[in-house]
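Numbering of ligands and ligand atoms starts at 1, following listing order.
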Amino acid sequence: MANVELIEVDDAATLCRTAADLVIDVLDGLPEATVMPATGSTPMGTYEELAARAARGPFDASRLRVVQLDEYVGVDELDRRSLIGWLRRSFLRPLDVPDEQVVRLRGDGTDLALACRRYDEAVAEVGGLDLAILGLGPNGHLGFNEPPSDASSPTRVVELSPASIASNATYWGSPDAVPRRAMTAGMTVIGAARRTILVVSGSHKHDVLHRALEGEVTPEVPASFLQRQGGVVVIADRAAWR
Ligand code: F6R
């Protein structure tokens with residue numbers, strides 16, 4: 001865990017405030033920074049906290065460039081369950097970031113390989129990520145980089161693992177309704193972020209968090225590559241870490 005800073009907090013509420021403090025700290029003096037905010041349940045409170053602080057001022061996120069982390073294949077962007085829809089509701093709208101400032105990962109077209117290439121080019125054009133705000137999958141995934149994914153895994157279309165289908169079933173009503181394919185920013189993109197904040201909450205993440213931070217660095221736990229990355233802070237609540 002040599003390369004990773006771990007901040008342990010009491011509970012999920014403290015996690016949100018601590019993560020928001022750190023995001024603001026990282027973005028201080030970088031009003032046009034490029035940020036990749038994960039969806040998923042864990043960072044939602046952090047985004048609410050950021051929006052509350054932006055409303056009070058002086059934190060202003062409206063000039064940030066935002067890079068989408070992942071998306072389901074074949075789901076219309078206006079579908080509430082699309083990840084771009086979730087990103088708009090949770091991060092872009094509350095923080096006044098216009099859609100024109102978003103690098104999209106589009107899963108609704110016909111040429112998905114081309115969409116992945118365009119995405120990688122667009123991320124490169126903006127100079128990569130200043131900050132990635134990530135959650136930890138129940139199987140150690142980052143974005144939808146399912147096991148096995150190593151540090152050289154590119155932006156691509158993936159088959160969702162049974163663990164990811166199960167953990168996303170609540171958003172879709174049942175496991176059968178969850179799309180089987182998704183697109184994800186490659187480990188290449190995520191791993192090149194200059195700063196990364198990984199937020200982890202709850203006892204159900206305990207084992208996978210320890211494998212990610214203290215276990216062998218292995219494609220079987222994609223998040224374990226964070227150990228080699230540098231600039232990574234993990235904020236975990238007591239239930240997840242102890
Ligand atoms: C979401 C995403 C996923 C989640 C992860 C943790 O865009 O890419 O990797 O970050 O599955 O999800 P939660 O926070 O719901 O436990």
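- Nearest to atom 14 (O) of ligand 1 among the protein's heavy atoms is T42 OG1, 2.5 Å.
- R17 and D11 are not joined by a salt bridge, as no carboxylate oxygen comes within less than 4.0 angstrom of a charged side-chain nitrogen.
- Summary of contacts: the protein heavy atom closest to atom 6 (C) of ligand 1 is L136 O, 3.4 Å.
- Here the options are I197, T14, V233, V234, the test is side-chain contact (heavy atoms from CB on, under 4.5 Å), and the partner is I7; only V233 passes.
- In this structure, CG on D10 lies 4.5 Å from CZ on R238, to the nearest 0.5 angstrom.
- Taking atom 16 (O) of ligand 1 as the reference point, the nearest protein heavy-atom neighbour is K205 NZ, 2.7 Å.
- Under 4.0 angstrom from ligand 1, the non-hydrogen atoms of L69 all belong to its side chain.
- The single protein non-hydrogen atom nearest to atom 7 (O) of ligand 1 is T39 OG1, 2.7 Å, given as residue, atom name and distance.
- Only the side chain of D70 comes within 4.0 Å of ligand 1, judged by heavy-atom distances.
- The residue from H141, Q68, M44 that puts a heavy atom closest to atom 4 (C) of ligand 1 is H141.
- Residue nearest to atom 9 (O) of ligand 1, selected from G137, G143, G40: G143 (by heavy-atom distance).
- Relative orientation of the H141 and F144 rings is perpendicular, given thresholds of 30° and 60° on the angle between their planes.
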Start with the C-alpha gap between R242 and E8, add the side-chain angles, then the distance that decides, and say whether salt bridge (Lys or Arg N to Asp or Glu O under 4.0 Å) holds.
CA-CA 9 Å; R242 286 288 141 150; E8 185 192 338; 2.8 Å; yes

As a quick check of understanding, evaluate side-chain hydrogen bond (donor to acceptor under 3.5 Å, both in side chains) for S152 and D150, giving each step before the final call.
CA-CA 5 Å; S152 67; D150 68 19; 2.8 Å; yes

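- In terms of protein heavy atoms, atom 15 (O) of ligand 1 is closest to S41 N, 2.8 Å.
- The pair D99-R88 meets the salt-bridge criterion, since a charged nitrogen lies less than 4.0 angstrom from a carboxylate oxygen.
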